[in-house]
Chemist: 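Input: one structure, supplied below.
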Amino acid sequence: MELEILNAKNSKPYGKVKVPSGATPIGDLRALIHKTLKQTPHANRQSLRLELKGKSLKDTDTLESLSLRSGDKIYVKDLGPQIGWKTVFLAEYAGPLIVYLIFYFRPELVYGKAASLPISLTTHIAAGCYTVHYVKRLLETIFVHRFSHATMPLRNLFKNCTYYWGFTAYVSYHVNHPQFTSPCMCTVWGALGAFALCELGNFSVHIALRNLRPPGTKVRKIPVADGNPLTKLFDLVSCPNYTYEIGAWVSFSVLTSCLAAYLFAFAGAFQMTIWALAKHRNYKKEFKDYPRQRRSIFPFVL
Amino acid sequence: MSAKAVSKSSKPGASKEPSAVTKLYLFAYNAGQVVGWSYILWQLVNYYILQGPEFRAQVTLWEYTRLAVIIFQNAAFVEILNASFGLVKSNPVVTGFQVFSRMMVVVGVVMATPTGKVSPGLPIALLAWAITEIIRYGYYALNIVKVVPHFVVFLRYTTFIVLYPIGVTGELLCFWWAQSYARENSVWSVVMPNKWNATFSYFGFLWIVMLGYIPIFPQLYLHMFAQRRKILGGGSSGSPQKKAN
């Protein structure tokens, strides 16, 4: 099979590519295109589509499944410089640790002379929570998560780091402030318990999602609760990892009684709700027997 | 900043014509603004030219003009609603930004700080705004009744070249005069300790707004030049052609 490869920007032809068989997946085709036609973008930067402004083809689609024949055209769009997902995640999560702890361990750098005032127990607890959360994320990135796309645009590195590091500085400034006012200790201990529960829940769901698909396979399955009772939330929502994540940040906000933390919780909840609604929609489309009682992210609500 | 996306009535033959009530409302609003800004312009002329220095010593410009400015500048808020509900074709976000930057000067600077009230930027901004708004609202009102003399179109797409930079200069001078007062007096600010462990620095906010002019004003200014080329035809040096909007 021979395919004509064109530039999605101006429809100019790059040339032709010989493909050994119709069973070739798009992921392999991208590598073959760059190997054959050196002036095309590197495989990771390519987005292939059947029409000039068509949808990006999935790496797992095969030429057969797309009904491609000899002489058909493939458009290549250059996605720009790419960076590994794992690299982005590690940068996103290491930054908050460093930024937060600057405010916590070196307050004189931020608050000047006022920094000599004693720090409340709540501030210590909050620093512990923040550290545990982001260390957990770093470890999950290294040992737990698998990424369906290997790379993302380099631009995302700066966007994501600005969001995480910026919000950390904002929250940290207020929680570690010399004139921080703690809520009553019963609120603090209660919120700490809720935070711990949500962190464990989030971790449990991540483990369950990872175990859903053994390494190297592409089989798609409906995620369900495993033996861990914290994964029972799968019975109620499609994305319990997001539910627990939001719960953790709301708990942290209650624990610190900090407006900046509430804003961060709200911003994260907004974004995760969008992702959850999209994922929920995809699940229902993909699995005809998908459990009807499930909501996307908030049990019984949304 | 006083750039605004063009608000156009439907062209003859367009599939959708606004209802008579809508047109009456839009005409009344635009005509009212012409009257209002004409009055403000008259106040400026009276204050600086017709009256003597002893009058100016007794009453500040802001005291003299504030009621009219507050009414007619803040009334522009309805333009966000007009755009949001589709009564006019402007983009609601762009309109919202433009209206709020003006309201920010009136409410957030001049009304909020005593130094903003006596800033030399205030008469500069008010002069630029008044002339621009009389032309702009006049243009919109005449569009609704579909009687737009060429010289009004020409003014609409030419006077901004001089007036927008003058207006922005006045606005930024007002901000500059206000920011030092805001810092020293914690105007409209929140400090710790408090129950929500929150802070807000109005001084910092003013600076963010001022710095925001740098990326945003050029875009709006150049947008108006693009409109000018589209409506008035070739370069300004050539003879401008008449064009239905």
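In what follows, chains are A, B, ... by sequence order, proteins preceding strands, each numbered from 1.
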Chemist: Run A:Tyr173 and B:Thr199 through side-chain contact (heavy atoms from CB on, under 4.5 Å) and show every step you take.
Modeler: CA-CA 10 Å; A:Tyr173 174 83; B:Thr199 60; 4.1 Å; yes
Chemist: On a heavy-atom basis, which atom in B:Asn197 and which in A:Ser257 lie closest, and how many Å separate them?
Modeler: ND2-O, 3.2 Å
Chemist: Could you pull out the closest heavy-atom pair between A:Gln179 and B:Met192, with the gap in Å?
Modeler: OE1-O, 3.1 Å
Chemist: Identify which part of A:Thr256 has an atom lying under 4.5 Å from any heavy atom of chain B, answering side chain, backbone, both or neither.
Modeler: backbone
Chemist: Is the count of non-hydrogen atoms from other residues, nucleotides or ligands lying under 6.0 Å from B:Phe225 atom CZ greater than 12?
Modeler: yes
Chemist: If you count the non-hydrogen atoms of other residues, nucleotides and ligands that lie under 6.0 Å from CZ in A:Phe203, is the total more than 12?
Modeler: no
Chemist: Mark yes when over 12 heavy atoms from residues, nucleotides or ligands other than A:Phe158 sit less than 6.0 Å from its CZ; otherwise mark no.
Modeler: no
